[in-house]
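Here the structure is laid out as structure tokens; the discussion comes afterwards.
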Amino acid sequence: MGGFARAYADDVYACAPASVVFAALDRFAEALEQMTGLIMVPSKLSCYSPSYDLERCPWRAQSQTPLGGVTGADGCFLPGMMVGGTP
């Protein structure tokens, strides 16, 4: 699909169409639990797309992945991703 996943420490970033990324995330979570006993916590995840409507994304809804972003000083939600601790 032309996507990729990159990791830095305990942060992993996956880029591909939503139908591919969320399915891959589910497979990764299942494999991680089987191999290590660790359980992925959906509230610790986040997703972002500048062009795809993730609010209505059926694959995101199944995974319960929150939208990525920060709340500005004025209380307004600013969509985006934290990458290596940097917005």
Side-chain angles (χ1 to χ4, degrees):
M1 298 301 295
F4 64 88
R6 300 287 186 266
Y8 176 76
D10 63 346
D11 295 334
V12 180
Y13 306 93
C15 299
S19 61
V20 175
V21 167
F22 290 108
L25 180 64
D26 289 342
R27 290 191 308 273
F28 177 70
E30 288 175 21
L32 184 67
E33 186 174 357
Q34 288 176 2
M35 292 188 307
T36 67
L38 297 174
I39 297 172
M40 192 175 295
V41 180
S43 64
K44 297 273 187 170
L45 307 174
S46 65
C47 60
Y48 169 73
S49 175
S51 58
Y52 183 75
D53 184 2
L54 289 169
E55 290 281 355
R56 293 186 175 88
C57 176
W59 302 285
R60 178 184 157 257
Q62 289 174 358
S63 73
Q64 302 176 352
T65 303
L67 295 175
V70 296
T71 301
D74 61 357
C76 182
F77 180 76
L78 305 168
M81 294 290 292
M82 295 288 284
V83 178
T86 304

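Separating the CD atom in Gln62 from the CG atom in Asp26 is a distance of 7.5 Å, to the nearest 0.5 Å.
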Pairs of donor and acceptor atoms involving the side chains of residues 13-22, under 3.5 Å and at least two apart or interchain, shall be tabulated with distances.
from	atom 1	to	atom 2	distance (Å)
Tyr13	OH	Met82	O	3.4
Tyr13	OH	Gly84	N	3.0

Passes side-chain contact (heavy atoms from CB on, under 4.5 Å), Glu55 versus Leu67? Steps please. CA-CA 8 Å; Glu55 290 281 355; Leu67 295 175; 3.1 Å; yes
Determine whether Cys76 and Thr71 satisfy the following criterion, side-chain contact (heavy atoms from CB on, under 4.5 Å), listing intermediate values before the conclusion. CA-CA 6 Å; Cys76 182; Thr71 301; over 6 Å; no
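Of all heavy-atom pairs spanning Gln64 and Pro42, the tightest one is O-CB, 3.9 Å. Closest heavy-atom contact between Arg60 and Leu54: NH1-O, 3.0 Å. Contact record, Cys47 with Met81: C-SD, 3.8 Å, taken as the closest heavy-atom pair. Here the closest non-hydrogen pair linking Gly68 and Ser46 is CA-CB, 3.7 Å. Between Pro58 and Tyr52 the shortest heavy-atom distance is CD-OH, 4.2 Å.
Looking at residues two or more places apart in sequence or on another chain, you find a side-chain hydrogen bond (donor to acceptor under 3.5 Å, both in side chains) between Asp53 and Arg56. Contacts of Thr36 classified as side-chain contact (heavy atoms from CB on, under 4.5 Å), with partners at least two apart in sequence or in another chain: Leu32, Leu38.
Val12 and Leu45 fall into different hydrophobic clusters, where Ile, Leu, Val, Met, Phe, Trp and Tyr are joined by side-chain heavy atoms under 4.5 Å apart, directly or via other members.
Annotation for Phe77: atom CZ counts as buried by contact number, over 12 foreign heavy atoms lying within 6.0 Å.
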